[in-house]
Every structure is written in structure tokens, then in C-alpha cells.
Amino acid sequence: MLFSKLLIPTLKDAPQEAEVISHKLMLRAGMIRKVASGIYTWLPLGLKVLKKIENIVREEMDASGAQEVFMPMVQPKELWDETKRWEKMGPELLRIQDRHERDFCLGPTHEEVITDIIRDNVKSYKELPLNIYQIQTKFRDEVRPRYGIMRGREFLMKDSYSFNIDEESLQETYLLMRDTYKKVLERIGLEYKISAADSGAIGGDSSEEFHVLAENGEDTIAVSDSSEFAINTELLLKEGEDINSLEGKPSPDGNGTIQIKKGIEVGHIFKLGKLYAESMKANVLNAEGKASTLHMGCYGIGVSRLVAAAIEQNFDEKGIIWPHSIAPFDINIIAIGFDKDKDIASASIKLHEELTDMGYDVLLDNRKDGYGAKMKDSELIGIPLNIIIGKSYLENQEVELKGRNGQSSSNPISDIKTILDFFKDKK
RNA sequence: CGGGGUAUAGCGCAGUCUGGUAGCGCACUCGCUUUGGGAGCGAGUGGUCGUAAGUUCGAAUCUUACUACCCCGACCA
């Protein structure tokens, strides 16, 4: 794609509204713009990243055997009355009325809708287990939205709901989802911890949170310095105890000592048990021909929050350093003098074509600016590999390869294989 | 909802204390020269100074009310 044709409004200075790194960089890189507090428009560059994460999540969910659906954002009060959540939930549930003055809410989650579908359409244990998911915009009227996309009111979430005949089956699905989430985060390339969590307002039997480790994380978790163990500090603190007092104590799992880390909660998996199925009378017939209440699980990943979390974990003073898996573009061809020199123009267009044909997502910076301005933008938006076509191309057909990680080398432009090898190392 | 802060051009800011009819940098437009680390010169475009009311001959500036946004807290799949 041609840089000159894309809407990528980069900024030298971050707007004063932004405080945390990911928010500043997303604004500066031209990924998002605010529409109202906690509500954002995703511009082309931001949307590309969002879609890449969404696709990784979708692929892993599909691979796990889950099935994708798409539920409505607007939901009728009657369903929420069944679980008593219409009254239980506070103002974070945004309520609206239609022209007939019927009550609706903007969906902050979809247990009611999906349970309604399943109870009407699934009648036998033979059809179970089922794991249904969607990737959809959620709305929660947060008391205080903050940090840009990280804690917005409107956000993109993958939420799935499993329906199992018994606890044993639920446990299997739960572990499958736990494994799937690990695959998602590993594929994206983020450092994370899984911690036991308070199951909170959602209720249910047990839950675990997936935290991406980052300085600006909103959550504080206690991790063992010598095992996989991690736990939300809320569950570890006794009345009146200070978080810092935990540091250095023996880890509850018996391995090593506790370290306090900051994390961004990007995933949460729950075993709900019969909680919602009971209140909504979701039953199937079991092998004995008797009505049996469904066991449910629900599993969420904050897709839009992952964009911010990835930045919080990967940036430097120049800008974003995308993990290759979710970079908006794999390669940026920086053509110096594109508009003046026909050789530069034709060589960069040809290279763009070849690399695109090979399946890479390629940006061609054909703008009128000089080397410095183009590199600054490329570094800001975090593209993993730059290929610079300029003087040395005209002199001896060489291009410079410059990684976002600082690595660089000069190669003949014909040596595409080496270019790709350079890239492969980092992929 | 409690505490703190901000609001002047797309972004960053000055001007407000001490009222006199709006300015700087970047960006943007046109021309020429530039092009390997945010180019130079020249000429331009763009703002009812968050909103409303008040004081005054005169308000970005003083007064009052309101709104939006940000930060800390409470809250939080």
C-alpha cells in the first residue's frame, strides 16, 4: 500500500489528554481518535492491528472446536430480568428505550442471550459439549474510563460460552480454553501470567485471569520468582495489609518467594457452573431421559485491550515496537526521492509488488519527505523491517535493511532471499 | 460521587495576574530549491478564545453558572 494514499495522521506531540504510553503512542501513530470519553474511532492503521489480533484469536478459537456466532448488541430487559441482573447491575449497564418505550440495554456481556438460544435449540446431551463464541463490541458505562483504549467504555471483546452436561465436561472445556488462551498470547508474542482470581460480580465457581506484564498495568499480581504461580494480590492480602509487604514472602505454592508485578488483564476464564442455567431454566435430557441443568463456562479476551497491552510491553523512546505477529505492516519500503527519480520509483514499486506477492504486508513510503522524516514515522508506527531505496541503489543497486530492533545491513536489491532471511530471524 | 487539573487553529503552547478586539512552533496550500535522520526561502489558508449570562465605552482576560476532557480515589468479566 502507498503511504501517500493512507490516512495515517501521525503527530509529533502527543495530545494533552493522553497520559499513559500506549494511549500517547496510539494517538501519535494515527491509530485512533477519541469521539467521547472512553469511545474511539479506529483509523486504518489501528484497525489493521486490531484485525490481526482478532484473526489470531479467531483461528485459535476455531482450532479448539468453538463455533462463531454474532449476537445483538441491543438486548431486551426481559432476558436480564430472568437472571435478576437488570436490578443487580448498576449504572454501568447502559439502559435505553425504543420508540415504544420498551426497555433495552447495550450488551456488556452475553450470558443471557446465548443461554436463551441454547435452551431453545439444544435438547439432548448428545449435542454437547458446545462452545459458542463471538467477537463483538461491548459497552460498559465505566465509572471512570481511562488510559485510552485500555479501559474504554466501548471495546472489542471475544466472548465465548460453553455448555456442558456435567462438571467433568466443563472442566475439560475450561482447560481447553485455558490452553487456547495461552496459544493466543504466545502467538502474539506477549509475556503473560495466569493468576487465580476473584470471580467477582459474574459469580460462579472459579476463575483465572490472564495478565500481560507491563509497568502501567492496572492490576497488581503476586508471582513466584521460581515457578509458574501467580495470584491476584486481592486474594492474598489480609485485612489492612499493604501490597508491598508481600514482596519477598514465601510463595503460597511452596516454590520460591513472591514478587509483585503490574499486569494488564487481557483474558478471564470462568467456570460458571449452573448459575445462569438454573435461573434461565436451561436444561437438556441426559442419558437417562431426565432433564439436566446445563453447566456453563464463559471465557473472555479483550481484543482491543490487547492492542494497548502489546504497546505497553513493547515500546521505546522512538515509538511502538510491534511483535511481528500483529504489526500493521511487515515491511516498509522507504523510497527516497520517489517523486523525482524514475529509477527509485520503479525499483521500489517492483520490490513492493514482489514482496506483496510473497504474502507480506508491505507499505511503500512514496511521500515527498526525506529520509529522516520517513524513518521517524516508520519507527513511531513500529514497522518491524524497513528497506531503504536511495543513493546506494542508484550507485550499486544496494538497499539498506533496517530493523525496528536496530539491526541493519546492506544487500543487493536482487537478493530478496537475504531480505527474507533477515526478516525470518525476527519473526 | 469526593479530591486535583485543563479548555485559545488539526497538534503542542504563549497571551489571562495588570481588560483595548489574538500570536508562536509544527502541520496544511502555492512556487522555487532540496531529499540517507523530522529541509530552506518566499507567499498564503485556517480560531464566534468550551457554552451561556453578567460587569464595562470595550472581555480570551473580570464575575457567576454550566459543559466537556484528563489525573488520583471509590468502581470494574
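On a predicted model such as this, the values are computed, not experimentally measured, just so you know. The basis for the numbers below is simple: all heavy atoms, side chains too, and nothing from hydrogens, waters or symmetry mates. We name chains A, B, ... by the order of the sequence lines, and we start the count at 1 in each one.
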**Student:** Determine the Euclidean distance between corresponding P atoms of B/A65 and B/G4; express it in Å to zero decimal places.
**Tutor:**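 15 Å, rounded to whole Å.
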**Student:** Rounded to the nearest Å, what distance is computed from the NZ atom of residue A/Lys368 to the P atom of nucleotide B/U34?
**Tutor:**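 Nearest whole value for this atom pair: 12 Å.
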**Student:** Counting heavy atoms not belonging to A/Glu168, are there more than 12 under 6.0 Å from its CD?
**Tutor:**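 No.
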**Student:** For B/G23, which nucleotide in any strand shown is its Watson-Crick or wobble partner with both distances under 3.5 Å?
**Tutor:** B/C13
**Student:** Quick one: which residue pairs count as a ring pair (Phe, Tyr, Trp, His ring centres under 6.0 Å) with a foot in residues 156-184 of chain A, not counting sequence neighbours?
**Tutor:** A/Tyr181-A/Phe210
**Student:** On a whole-Å scale, what distance lies between the C1' atoms belonging to B/U48 and B/A53?
**Tutor:**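 The same atom, C1', in both gives a distance of 16 Å.
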**Student:** Pick the closest RNA chain B nucleotide for A/Glu265 and for A/Lys340 by heavy atoms, then say which residue is nearer the 5' end.
**Tutor:** A/Lys340
**Student:** When rounded to the nearest Å, what value does the distance between P atoms of B/C62 and B/U18 take?
**Tutor:**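 Approximately 9 Å lies between the P atom of B/C62 and that of B/U18.
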**Student:** What does A/Gly390 touch in the nucleic acid at a heavy-atom separation under 4.0 angstrom: a base, only the sugar-phosphate, or nothing?
**Tutor:** base
**Student:** For a quick check of understanding: with a heavy-atom distance under 4.0 Å over all strands, which category does A/Glu208 fall into, base, sugar-phosphate or nothing?
**Tutor:**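 Contact class for A/Glu208: none.
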**Student:** If we check side-chain contact (heavy atoms from CB on, under 4.5 Å) with A/Glu312, which of these qualifies: A/Val20, A/Leu213, A/Leu25?
**Tutor:**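 When side-chain contact (heavy atoms from CB on, under 4.5 Å) is applied between A/Glu312 and each of A/Val20, A/Leu213, A/Leu25, only A/Val20 qualifies.
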**Student:** Within residues 212-223 of chain A, which residues have any heavy atom lying less than 4.0 Å from an atom of RNA chain B?
**Tutor:**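 Going residue by residue through residues 212-223 of chain A, none turns out to have a heavy atom under 4.0 Å of RNA chain B.
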**Student:** Can you see whether A/Trp86 has A/Arg95 sitting over its ring - NZ or CZ less than 6.0 Å from the centre and within 45° of the normal?
**Tutor:**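 Yes, A/Arg95 sits over the ring of A/Trp86.
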**Student:** Return the 5'-most residue of the pair A/Arg305, A/Pro15 with respect to RNA chain B, ranking by each residue's nearest nucleotide.
**Tutor:**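 By nearest-heavy-atom nucleotide position, the 5'-most residue is A/Pro15.
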**Student:** So what does A/Asp339 hit on the nucleic acid, given a heavy-atom distance under 4.0 Å: a base, only sugar-phosphate, or nothing?
**Tutor:** base
**Student:** When both hydrogen-bonding distances must be under 3.5 Å and the geometry is Watson-Crick or G-U wobble, what is B/U18 paired with, if anything?
**Tutor:**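 Partner of B/U18: none found under 3.5 Å.
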**Student:** Taking atom P of B/U35 as reference, at what distance in whole Å does atom CG of A/Leu394 sit?
**Tutor:** 12 Å
**Student:** Starting from P on B/A74, measure out to CD on A/Glu92 and report it in whole angstrom.
**Tutor:** 16 Å
**Student:** Residues in side-chain hydrogen bond (donor to acceptor under 3.5 Å, both in side chains) with A/Thr173, at least two apart?
**Tutor:** A/Asn164
**Student:** Checking A/Gln67 now: which residues fulfil side-chain hydrogen bond (donor to acceptor under 3.5 Å, both in side chains) with it, not counting sequence neighbours?
**Tutor:** none
**Student:** Sequence neighbours left out, what passes salt bridge (Lys or Arg N to Asp or Glu O under 4.0 Å) with A/Lys340? Give chain and number order.
**Tutor:**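 Salt bridge (Lys or Arg N to Asp or Glu O under 4.0 Å) check on A/Lys340 returns nothing, list empty.
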**Student:** What parts of residues 369-376 of chain A reach RNA chain B, counting only heavy atoms under 4.0 Å away?
**Tutor:** A/Asp369, A/Gly370, A/Tyr371, A/Gly372, A/Ala373, A/Met375, A/Lys376
**Student:** What pairs with A/Thr83 under side-chain hydrogen bond (donor to acceptor under 3.5 Å, both in side chains), at least two apart in sequence or on another chain?
**Tutor:**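 Counting only residues at least two positions away or on another chain, A/Thr83 forms a side-chain hydrogen bond (donor to acceptor under 3.5 Å, both in side chains) with A/Glu112.
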**Student:** Assess whether a salt bridge exists between A/Arg58 and A/Glu68, defined as any Lys/Arg side-chain N lying under 4.0 Å from an Asp/Glu carboxylate O.
**Tutor:**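 Between A/Glu68 and A/Arg58 there is a salt bridge, with a charged N closer than 4.0 Å to a carboxylate O.
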**Student:** How long is the line joining CG of A/Asp141 and C1' of B/A74, in whole Å?
**Tutor:** 16 Å
**Student:** For B/U6, what is the paired nucleotide under Watson-Crick or G-U wobble rules, both distances under 3.5 Å?
**Tutor:** B/A68
**Student:** For B/U29, which nucleotide in any strand shown is its Watson-Crick or wobble partner with both distances under 3.5 Å?
**Tutor:**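 Base partner found: B/A43.
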**Student:** Whole angstrom is fine here: how far is it from NZ in A/Lys391 over to P in B/G37?
**Tutor:**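 Interatomic distance, NZ of A/Lys391 to P of B/G37: 8 Å.
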**Student:** Checking A/Lys48 now: which residues fulfil salt bridge (Lys or Arg N to Asp or Glu O under 4.0 Å) with it, not counting sequence neighbours?
**Tutor:**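 Once residues adjacent in sequence are excluded, the partners of A/Lys48 under the salt bridge (Lys or Arg N to Asp or Glu O under 4.0 Å) criterion are A/Asp361.
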**Student:** Just to verify, what does A/Lys262 make a salt bridge (Lys or Arg N to Asp or Glu O under 4.0 Å) with, not counting sequence neighbours?
**Tutor:** none
**Student:** To the nearest angstrom, how far is A/Arg140 atom CZ from B/C75 atom C1'?
**Tutor:** 13 Å
**Student:** Say we look at B/C26 and B/U45: how far apart would their C1' atoms be, to the nearest angstrom?
**Tutor:** 15 Å
**Student:** With both distances under 3.5 angstrom, what nucleotide forms a Watson-Crick or G-U wobble pair with B/U34?
**Tutor:**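 Because no pair has both required distances under 3.5 Å, B/U34 counts as unpaired.
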**Student:** Is it true that a side-chain atom of A/Arg404 and a backbone atom of A/Ile320 form a donor plus acceptor pair closer than 3.5 Å?
**Tutor:**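 Checking the backbone N and O of A/Ile320 against the side chain of A/Arg404, a donor-acceptor pair under 3.5 Å is found.
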**Student:** Is A/Arg119 paired with A/Asp116 through a side-chain N to carboxylate O contact shorter than 4.0 Å?
**Tutor:** yes
**Student:** Whole angstroms only, please: what is the CG-C1' distance between A/Asp13 and B/C13?
**Tutor:** 9 Å
**Student:** Could you measure between the two P atoms, the one in B/C41 and the one in B/G50, and give it in whole Å?
**Tutor:** 32 Å
**Student:** Rounding to an integer number of angstrom, what distance separates B/C72 and B/G10 when you compare their P atoms?
**Tutor:** 28 Å
**Student:** Taking only the C1' atom of each, what is the distance from B/C11 to B/G38 in whole angstrom?
**Tutor:** 15 Å
**Student:** Sticking with atom C1', work out how far B/A59 lies from B/U8, rounded to a whole angstrom.
**Tutor:**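 Comparing C1' positions in B/A59 and B/U8 gives a spacing of 14 Å.
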**Student:** Under 3.5 Å between N/O atoms: give me all the protein pairs with nucleotides 66-71 of chain B, atom names plus distance.
**Tutor:**
from, atom 1, to, atom 2, distance (Å)
B/C69, OP1, A/Ser37, N, 3.0
B/C69, O3', A/Lys34, NZ, 3.0
B/C69, O2', A/Lys34, NZ, 3.4
B/C70, OP2, A/Ser37, OG, 2.8
B/C71, OP1, A/Tyr147, N, 3.4

**Student:** Just the atom pairs and distances: protein N or O near nucleotides 26-30 of chain B's N or O, under 3.5 Å.
**Tutor:**
none

**Student:** Can you see which heavy atom on A/Ile194 is nearest to which on A/Tyr192, and at what distance?
**Tutor:**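 In this case the closest contact between A/Ile194 and A/Tyr192 is CG1-CE1, 4.0 Å.
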**Student:** Using purine N1 to pyrimidine N3 plus N6-O4 or O6-N4 for Watson-Crick, or N1-O2 and O6-N3 for G-U wobble, each under 3.5 Å, what pairs with B/U48?
**Tutor:**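 B/U48 is unpaired by these criteria.
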**Student:** Between the side chains of A/Tyr147 and A/Arg305, does any donor sit under 3.5 Å from an acceptor?
**Tutor:** no
**Student:** With sequence neighbours excluded, what pairs up with A/Asp369 under the side-chain hydrogen bond (donor to acceptor under 3.5 Å, both in side chains) test?
**Tutor:** none
**Student:** With a 3.5 angstrom cut-off on both distances, give the Watson-Crick or G-U wobble partner of B/A74, or none if there isn't one.
**Tutor:** none
**Student:** Does the structure show a Watson-Crick or G-U wobble partner for B/U55, both distances under 3.5 Å? Name it, or say none.
**Tutor:**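 By the stated definition (distances under 3.5 Å), nothing pairs with B/U55.
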**Student:** Whole Å only: how far is the CG atom of A/Leu380 from the C1' atom of B/G37?
**Tutor:**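 Roughly 15 Å, once rounded to whole Å.
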